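Shown next, in structure tokens, is the structure this report addresses.
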Amino acid sequence: QVQLVESGGGLVQPGGSLRLSCTASRSIFSIYTMGWYRQAPGKERELVALIRDGGGTNYADSVKGRFTISGDNAKKTVFLQMNSLTPEDTAVYYCNMKFWSPTGPTNNYWGQGSQVTVSS
């Protein structure tokens with residue numbers, strides 16, 4: 001069973017930066033997609049950023065120009081560099097991965113969630 005382990009969350013002041021990391025263990029298959037989602041209180045979970053196996057990326061409009069997703073497919077690790085943080089970025093951030101299998105992409109695997117709080 002694949003396990004995703006996240007790190008890097010915490011408390012930061014507005015305008016500050018954080019870097020989230022997520023690593024998958026016990027997967028013998030290659031990466032299909034890696035991404036980050038977030039959920040704020042009273043809000044739906046939303047896609048923040050996605051990176052595909054060929055390196056293409058997608059970002060939510062609210063984070064374009066401030067957040068950067070990157071990854072190392074061989075190490076099954078994904079990062080989210082978050083700059084110019086605002087209180088509206090406060091949420092629990094979840095790592096997500098899918099993998100290639102002989103029959104196609106797998107289902108979703110999720111990290112445990114990392115609290116990011118932006119407050120003065």
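Quantities reported herein were computed from a predicted structural model and do not represent experimental measurements.
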Next item on the list: Consider only side-chain heavy atoms of I, L, V, M, F, W and Y, link residues closer than 4.5 Å, and tell whether Y59 and M97 are in one cluster.
Entry: yes

Note to self: For the CZ atom of F99 and the CG atom of N107, what is their distance to the nearest 0.5 Å?
What the structure shows: 10.0 Å

Note to self: Please give me the minimum heavy-atom distance between L85 and R66, naming the atom from each residue.
What the structure shows: CA-NH1, 3.9 Å

Margin query: Please give me the minimum heavy-atom distance between R38 and A91, naming the atom from each residue.
Written below: CB-CB, 3.8 Å

Check: Side chain of S119, backbone of T117: donor and acceptor closer than 3.5 Å?
Finding: no

Next item on the list: Please round to the nearest 0.5 Å and tell me the distance separating atom NZ of K43 and atom OG1 of T90.
Entry: 12.5 Å

Note to self: I need the minimum non-hydrogen distance between V63 and V48, along with the two atoms involved.
What the structure shows: CG2-O, 3.7 Å

Item checked: Under 3.5 Å side-chain donor-acceptor pair for D72 and T77 -> no

Checklist line | Same apolar cluster (I L V M F W Y, side chains within < 4.5 Å links), Y109/M34 | finding: yes

Note to self: Once rounded to the nearest 0.5 Å, what's the spacing between atom CG of L4 and atom CG of N96?
What the structure shows: 7.5 Å

Notebook entry, point to check: Looking only at heavy atoms, which two atoms of T57 and I51 are closest? And how far apart?
Noted result: CG2-CG1, 3.9 Å

Notebook entry, point to check: Heavy-atom distance under 4.5 Å between the side chains of F79 and R19, does that happen here?
Noted result: yes

Margin query: Can you see whether Y32 has R52 sitting over its ring - NZ or CZ less than 6.0 Å from the centre and within 45° of the normal?
Written below: no

Next item on the list: Return yes if some donor-acceptor pair links the side-chain N/O of D89 with the main-chain N/O of V116 below 3.5 Å, else return no.
Entry: no

Notebook entry, point to check: In Å, rounded to the nearest 0.5 Å, how long is the span from CH2 of W36 to SG of C22?
Noted result: 5.0 Å

Check: How about C95 and V78: do any of their side-chain heavy atoms sit closer than 4.5 Å?
Finding: yes

Checklist line | E6 side chain vs L20 backbone, donor-acceptor pair below 3.5 Å | finding: no

Next item on the list: Check whether any side-chain heavy atom of K75 lies under 4.5 Å from a side-chain heavy atom of T23, and answer yes or no.
Entry: no

Check: At their closest point, which heavy atom of K76 faces which heavy atom of I31, and how far apart are they?
Finding: CG-CD1, 4.1 Å

Next item on the list: Would you check if there is a donor-acceptor pair between the side chains of Q3 and R26 at a distance under 3.5 Å?
Entry: yes

Note to self: Would you compute the distance between atom CH2 of W100 and atom OG1 of T103 and round it to the nearest 0.5 angstrom?
What the structure shows: 10.5 Å

Notebook entry, point to check: Would you say the side chain of I69 lies within less than 4.5 Å of the side chain of L80, judging by non-hydrogen atoms?
Noted result: yes

Check: If every non-hydrogen atom of L18 is compared with every non-hydrogen atom of G8, which pair is closest and at what distance?
Finding: CD2-O, 3.9 Å

Notebook entry, point to check: Is the Lys NZ or Arg CZ of R45 less than 6.0 Å from the centre of W110's six-membered ring, within 45° of the axis?
Noted result: yes

Next item on the list: Examine Y93 and Y37 and state if one hydrophobic cluster contains both, with Ile, Leu, Val, Met, Phe, Trp and Tyr joined whenever side-chain heavy atoms are less than 4.5 Å apart.
Entry: no

Notebook entry, point to check: Is it true that V92 and M82 fall in one hydrophobic cluster, defined by side-chain heavy atoms closer than 4.5 Å?
Noted result: no

Check: Atom CD of E46 and atom OG of S62: how far apart are they, to the nearest 0.5 Å?
Finding: 5.0 Å

